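The sequence lines fix the lettering, A, B, ..., with proteins before strands; numbering per chain opens at 1. Keep in mind it's a predicted model, so treat the numbers as computed, not measured.
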Amino acid sequence: MSTPPGAAAFCLRLVRRQLLLAFRRPIDIANPLVFFAMVIALFPLGLGPAPDQLAAFAPGVLWIIALLSNLLTSDTVFRGDYDDGSLEQLLLAPQPLYLSGLAYICAHWLVTGLPLVLISPLFAVMLNLPAAGILALALSLLLGTAVLSLVGAIGAALTVGLRRGGMLISLLILPLYMPVLIFGSACVQAAVTGVPTGPYLAILGAMLSLAIALAPLAVAAGLRISIDA
Amino acid sequence: MSTPPGAAAFCLRLVRRQLLLAFRRPIDIANPLVFFAMVIALFPLGLGPAPDQLAAFAPGVLWIIALLSNLLTSDTVFRGDYDDGSLEQLLLAPQPLYLSGLAYICAHWLVTGLPLVLISPLFAVMLNLPAAGILALALSLLLGTAVLSLVGAIGAALTVGLRRGGMLISLLILPLYMPVLIFGSACVQAAVTGVPTGPYLAILGAMLSLAIALAPLAVAAGLRISIDA
Amino acid sequence: MTPPAPLLAARSLTLSRGGRELFRDLSLAIGPGDLVQLEGPNGVGKTSLLRILAGLSRYGYEGAVERSGALLYLGHKSAVKAQLTPRENLALHVGGEGSHGDAAIEGALAEVGLYGYEDVPSHTLSAGQQRRVNLARLYLCSSPLWLLDEPFTAIDRAGVGQLQSLFVQHVEGGGAVLLTSHQPLAVDYPVRALTLSQGSAA
Amino acid sequence: MTPPAPLLAARSLTLSRGGRELFRDLSLAIGPGDLVQLEGPNGVGKTSLLRILAGLSRYGYEGAVERSGALLYLGHKSAVKAQLTPRENLALHVGGEGSHGDAAIEGALAEVGLYGYEDVPSHTLSAGQQRRVNLARLYLCSSPLWLLDEPFTAIDRAGVGQLQSLFVQHVEGGGAVLLTSHQPLAVDYPVRALTLSQGSAA
Amino acid sequence: MWSFFHKLGSPPWLYGIAGSILRYLLPVTVIALVVGAVWGLLFTAPDFRQGNSYRIIYIHVPAAVVALAGYYVMAAAGAVSLIWRMKMADVAMKAAAPIGAALTFVALFTGSVWGKPTWGTWWVWDARITSMLVLLFLYLGVVALYEAFDNKEAASKACAVLSLVGMVNIPIIYKSVDWWYSLHQPASIKFTGESTIDSSMLYPLLLMITAFYCLFACAMLMNMRAELLEREAKTGWVRKLAAEGAH
Ligand code: HEM
Ligand SMILES: Nc1ncnc2c1ncn2[C@@H]1O[C@H](COP(=O)(O)OP(=O)(O)OP(=O)(O)O)[C@@H](O)[C@H]1O
Ligand SMILES: Nc1ncnc2c1ncn2[C@@H]1O[C@H](COP(=O)(O)OP(=O)(O)OP(=O)(O)O)[C@@H](O)[C@H]1O
Ligand SMILES: [Mg+2]
Ligand SMILES: [Mg+2]
C-alpha cells in the first residue's frame with residue numbers, strides 16, 4: 001500500500017480535484033463572467049447611458065462588480081465539501097491544513113479570478129473605459145482578485161458549518177474587501193488620468209503577500225472550528 | 001384523524017412556517033439589509049465621495065443594489081426544502097402547487113423585500129438622494145421587490161435540483177429583472193426631477209399583477225421538473 | 001368476496017436509467033391489508049420504482065400508475081427542518097395533511113421515543129432521532145397507503161421492532177404498506193415479497 | 001507476551017450535550033487485533049464519541065485521547081463528490097492517503113460491486129452504491145485503525161456480509177476496527193461489544 | 001503570575017472579582033457621567049459658530065473614541081482565547097462586541113444628528129465617518145457570527161479568529177479610507193481636525209471620555225457576569241449563588 005504523499009503532491013491533487021469539479025460544470029466558470037457582464041449591462045440601465053459619465057465611473061464600477069462577483073462565489077469554496085463530508089476527511093488528513101486551504105483558494109482563484117482578469121478588457125471597452133486604463137485594470141484585477149479570494153475564503157471557512165451561511169459571509173468579508181476596492185479602482189483611475197500606477201500596484205502586491213501569509217492560517221483555524229459547529 | 005385542510009389554511013401554515021424559519025435566525029432577516037448597507041458603502045468608495053455626483057446616481061444605484069440583494073437571496077427560497085426532502089412532501093400534498101408556491105414567495109418577500117422598503121429612506125439619505133425622491137423610492141421598491149421575488153422564484157424553482165444552482169439562477173433571472181430596474185429607477189429619477197411618478201408606478205403595478213398571475217404557474221411547473229432532475 | 005379495490009395499481013412499468021434496463025413490464029397492485037416488502041440488491045431500482053409509484057418521477061418511464069386516495073411517502077431524505085423543533089416540524093409540516101392538535105403531536109413524539117426532545121432544535125438530534133421525527137408522521141397521518149423507502153435506516157433495534165408492529169397494525173386496520181428494506185421483517189403477518197433483480201420483469 | 005501498544009487510547013472522557021450527560025469517565029484502549037462494536041440506542045452518544053476519538057470534535061468534552069498512527073474515519077456523510085465518477089472520487093480523494101494506481105482503484109471498485117459503474121457520475125448512483133464508493137477506500141487505505149459510523153447503512157445483505165469479512169481480515173492482519181451499528185455482526189471472530197447506555201460510565 | 005492566570009480561568013473567582021470591581025466602578029462612572037454632562041451641557045459657553053448644537057460633542061466624541069478602543073479590547077481577548085485557550089477570554093470577547101457595536105452606532109447617530117444643523121446634511125462620506133461605518137460592520141459581523149453558531153464554545157473561537165483578522169485589517173482599512181478621501185479631495189466640508197478647542201470645552205470633554213471608558217468597562221463586566229451565570233448554570237457555585245439569592 002502507498003505511503004501518504006508529501007504535502008506538495010497532496011496540494012497538487014487538491015487543486016486538480018477542484019479544477020475538475022469546476023470543469024465538470026463549465027457553467028460554474030462561465031457564471032461569474034456572465035454575472036459580471038449582466039451587471040455591467042445593469043449600470044447603464046440604472047444610471048442612464050451617457051457615455052462620458054459612464055467612462056468617468058468605469059474604473060469604480062468595474063471594480064465593484066469584480067468584487068461582487070467574487071463575493072457571490074466565495075461561499076462555495078468549502079460549502080460542497082462540508083455538505084458531503086469531504087471536509088471531515090480533509091481535516092483528518094496528515095498534511096498541514098494551511099497548505100490544503102491554500103490549494104482550495106488557489107483553485108477558486110483560477111476558476112473565478114483569472115477568467116475575470118482575462119476578459120476584463122472586453123468589459124472595459126463596453127463601459128467606455130479609456131484605452132490607457134485597460135492594462136492597469138487587468139493588472140490590478142490580477143493582484144486584487146487573488147486578495148479577494150484569500151480573504152473570502154476566511155469568511156467561507158468561518159461560516160461553512162452554519163445553515164444558510166450565504167448572506168452572513170457578505171457581512172463578514174465585505175469590510176475586509178474595501179481596501180482592495182479603494183486601491184484597485186484608484187489604480188485604474190490613475191492610469192486614466194496619466195498618473196503612474198506603480199505605487200498602487202505595489203500596495204496591492206503588498207496586500208497580496210500579507211494575505212497569502214496570514215489568510216490560510218485563519219482559514220485552517222476556521223475550518224477546524226466549523227466542523228464542530 | 002384530521003382531514004386535509006383547505007388550500008387557504010394550508011397556505012397560511014406554509015407562510016407561518018417560512019416566517020418561523022426566518023425568525024429562528026433573525027440574522028437572516030437583518031442580513032439583506034446589512035448587505036444593502038455595505039454595498040451602498042462600496043459605491044462611494046469606488047466612485048468617489050462627492051455628494052452631488054452621488055446624488056445623481058443614487059436612484060440607479062439604490063435600485064441596482066435592491067436587485068442584487070434580491071438576487072442573492074432568491075436562490076434560498078426552495079433550496080433548503082429541496083435539500084432536506086421537504087419539497088418532495090410538498091409536491092405530494094393534495095393542495096394546488098400554484099398556491100403553495102405563492103405562499104413561499106409571499107414569505108420570501110415579507111422577510112427580504114419588505115424590510116428593504118421600510119429601511120430604504122435611511123439608505124437614500126446616505127447617498128444624498130434629494131428628499132423629493134424618497135417616497136417614490138419606497139413606493140417603487142414596494143411594488144418592484146414583489147415582482148423581483150416572484151420572478152426570482154421562477155429561477156429558483158428551475159435550478160433547485162441542480163447542484164450549485166446559486167450562480168445559474170443569476171443567469172436565468174437577471175434579464176427578467178431588467179424591466180423592473182428600468183422602471184423603478186426611472187420612477188425615482190422622475191420624482192427627483194419633479195415629473196409625476198404615477199405612470200411609472202402604474203407600470204410597476206401592472207408588472208406585479210402579471211407576475212402574480214403567471215409566476216406561480218411557472219414555479220409549480222419548475223418544481224415538478226426539478227424534483228425529477 | 002370480491003377483492004377490495006386496489007389503493008395503487010401499476011401496469012407494465014418499464015424503466016431504463018443510464019443505459020441499463022432496471023425493470024420491464026412490471027405490474028403490481030396493492031390493496032388494503034397488503035404489507036409488501038420490495039427487495040433487491042443495491043442499485044437494482046427500488047427507489048426509482050417507489051418514486052414512480054408515488055408520482056414524484058413523471059418522466060422517462062413507460063407504463064401507467066393509478067392511485068386512489070392519499071398516500072404517504074417517506075424517502076431517503078428525512079424532510080426534517082434542522083432549525084425547527086420536532087414539535088414545530090410536525091405542526092407545520094408541508095405534507096398537506098391536516099393540522100394536528102398539540103396533544104396528538106406530543107403523543108406521536110412520545111411513541112417514537114422523543115419524549116423530552118420535543119422542543120430542542122432538530123439539528124441537535126442524533127441521526128436516528130432525526131429520522132424518528134419524520135417517522136412520527138406515521139402516527140399522525142390518515143393516508144391509507146404508505147410508501148416507505150428504507151424506513152429503518154439509522155433506527156436502533158427496539159425502534160425497528162416497534163415500527164414493524166406499527167406496520168402490522170396499519171395493514172390490519174385496512175391500510176397498505178409498501179416498503180424497501182435490506183433487513184428481513186420479523187412480523188406475525190404475511191409479508192408479500194417483491195424482489196427486483198437485474199433486468200427483472202417481476 | 002506484553003500487550004501490543006494501543007493504536008488509540010482515551011482516558012476518562014466526559015461529554016454533555018444539550019444539558020444531558022452522555023457519558024462520564026469513559027476510558028478505552030484499542031490495539032491491533034481489536035474488533036469493537038459500539039452499541040446503544042439512538043441518541044446515546046455513539047457518533048459523538050466516535051468524532052471525539054477521531055479528533056474531529058475538539059470542544060466541549062473533558063478527558064484526553066491519544067492516537068498513534070494514521071486512522072480512517074467514515075462518518076454518516078459519505079464524502080462522495082456527486083459530480084465526479086467513482087474512479088475520480090478515489091483517485092482525487094482528500095483523505096490524505098497516497099495516490100492509488102488505476103489498477104488498484106478498479107480492483108477496489110470491483111470489490112464493492114461497482115464494476116461497470118467506474119465512469120458514471122456518482123450522482124446517478126443509488127443510495128447504496130454511493131456509500132459503496134466510499135467503502136472502496138477500505139480496500140485502498142493502509143491506515144491500521146478504522147473508525148466507522150454505521151458502515152452498513154443502505155448496503156444490501158450480500159454487501160454487509162462482505163464488509164464483515166473484510167473487517168475480520170483487517171484485524172487479523174494487525175489492524176483494528178471500531179464501528180457503530182444497530183445490526184449484530186455475524187463474524188467468526190471475537191467481537192468486543194462496547195455498549196453505551198443513558199448516562200453510562202462504561 | 002501563573003496562579004493569577006489560573007485564577008483568571010476560574011469562573012467563580014472571576015464572577016466575584018468582577019462584582020467587587022463593579023461595586024466601586026459603577027458609582028464612579030455614574031458620577032463622572034453626571035458631572036461631565038452637567039458641566040458640558042449647562043456650564044460651557046455656546047460655540048461662536050455653532051451655537052448650542054455643538055454640545056452633542058460630549059456624547060459624540062467619547063462614544064467614537066471608546067468604540068475604537070473597544071475593538072482592540074475585543075481582539076486582544078480573542079487572541080488570548082486562541083493562544084492560551086482560556087475560556088474566560090471567550091467570555092470577555094463575547095461581552096465586548098455588542099457594547100462596541102452600540103457605541104459605534106451612538107457615534108454615528110449623534111454625528112448625523114449633529115451634521116444636519118452644522119453641515120445641512122445627515123450624512124457625508126468623510127474618511128472618518130466611512131471608516132467608523134466599516135467598524136460598525138466589523139462589530140456586527142462578530143455579533144452575527146456568534147449568534148449563528150449553536151455550539152457556543154466553537155462560536156467563541158470563530159469570533160476570536162474573526163476579530164483577529166479584523167484587527168490586522170483595521171489599520172489597513174483606516175489608512176486606505178483616509179487615503180481614498182484625500183485622493184478625491186471632495187469640495188465638501190471637513191472635520192475641523194486641527195481646530196483648537198477651547199479649554200473650557202476641553203476639560204468637560206476629557207471628563208466625558210474618561211466616563212465613557214468607565215462605562216464601557218462597567219457594561220463589559222456586567223455582561224461578563226451574566227454570561228458566566230448562563231454558561232455555568234449547571235455548576236455547583238451558580239446553584240449555591242441562586243440558593244443564597246433566594247433567601
Ligand atoms: C454620521 C456621522 C457623523 C457626522 C454627521 C458627524 C458630524 C460631526 C460634526 C458636525 C462635528 C463638528 C465639526 C466641526 O466642529 O466643524 C463633528 C466633530 C467630531 N466628530 Fe463627528 N460626525 C460623524 C461621525 C463621527 C465619527 C464616526 C467619528 C469618530 C471616528 C467622529 C469623530 C468626531 C470628532 C473626534 C469630532 C470633534 C473633533 C473635531 O472637531 O475635529 N464623528 N462630527
Ligand atoms: N450539536 C448538538 N447540540 C446539542 N446536542 C447535541 C448536538 N449533537 C448531538 N446532540 C445530542 O447528543 C446526543 C447524542 O448524539 P449522537 O449523534 O452521538 O447519538 P448516536 O448514539 O450516534 O445516535 P444514532 O444511533 O441516532 O446515530 C443526542 O441526544 C443529541 O440530542
Ligand atoms: N439520475 C440518474 N441518472 C441515471 N441513472 C440513474 C439515476 N438515478 C439512478 N440511476 C440508476 O438507477 C439504478 C437504480 O437506482 P435506485 O436508486 O432506484 O436503486 P435502489 O434499488 O434504490 O438501490 P439502493 O438499495 O442502493 O437504494 C442505479 O443503478 C443507478 O445507477
Ligand atoms: Mg434506494
Ligand atoms: Mg450516530
Check your understanding: Which answer fits D:H93, side chain, backbone, both or neither, if we ask what part of it has an atom under 4.5 Å from a heavy atom of chain A?
Key -> both
Review point. Does CD in D:E172 sit with more than 12 non-hydrogen atoms of other residues, nucleotides or ligands closer than 6.0 Å?
Key: yes
Practice item. Measure from the side-chain N and O atoms of D:K77 to the backbone N and O of A:Y82, and report whether any donor-acceptor pair falls under 3.5 Å. Key: yes
Study note, to complete from the structure: Whatever's closer than 4.5 Å to a heavy atom in chain D on A:L14 counts as side chain
Point to revise | Any donor-acceptor N/O pair, D:Q83 side chain to A:F23 backbone, under 3.5 Å | key: no
**Study point:** Heavy-atom neighbours of D:D188 CG exceed 12 at 6.0 Å
**Key:** no
Check your understanding: Considering only heavy atoms, which portion of D:R67 lies under 4.5 Å from any heavy atom of chain A: side chain, backbone, both, or neither?
Key -> neither
Review point. How close do D:G95 and A:P94 get, heavy atom to heavy atom, and via which atoms?
Key: O-CD, 4.2 Å
Practice item. Give a yes or no answer on whether the side chain of A:R16 reaches the backbone of D:L92 with a donor-acceptor pair at less than 3.5 Å. Key: no
Exercise for review: To the nearest 0.5 Å, tell me how far A:D84 CG sits from D:H123 NE2.
Suggested key: 13.0 Å
Exercise for review: Count the heavy atoms belonging to other residues, nucleotides or ligands that lie under 6.0 Å from OH of D:Y189, then report whether that count exceeds 12.
Suggested key: yes
Point to revise | A:R17 and D:K81: CA distance, side-chain angles, deciding distance, side chain to side chain contact (heavy atoms under 4.5 Å, CB included) verdict | key: CA-CA 10 Å; A:R17 172 174 181 272; D:K81 274 280 160 211; 3.2 Å; yes
Review point. Can you say whether D:A91 sits under 4.5 Å from chain A via the side chain, the backbone, both, or neither, judging by heavy atoms?
Key: backbone
Check your understanding: Which bit of A:I227 comes within less than 4.5 Å of chain D, counting heavy atoms only: side chain, backbone, both or neither?
Key -> both
Point to revise | Residues, nucleotides or ligands: over 12 heavy atoms within 6.0 Å of D:R58 CZ | key: yes
Exercise for review: Side-chain contact test, heavy atoms from C-beta onward, threshold under 4.5 Å: evaluate it for D:V94 versus A:Q89 and give yes or no.
Suggested key: yes
Practice item. State the CG-CG distance between D:L56 and A:D228, to the nearest 0.5 angstrom. Key: 8.0 Å
Review point. Can a salt bridge be assigned to the pair D:R51 and A:E88 using a cut-off of 4.0 Å between side-chain N and carboxylate O?
Key: yes
Practice item. Heavy-atom distances under 4.5 Å only: say whether A:D83 touches chain D with side chain, backbone, both or neither. Key: backbone
Exercise for review: Evaluate whether atom CZ of D:R11 has more than 12 neighbouring non-hydrogen atoms of other residues, nucleotides or ligands under 6.0 angstrom away.
Suggested key: no
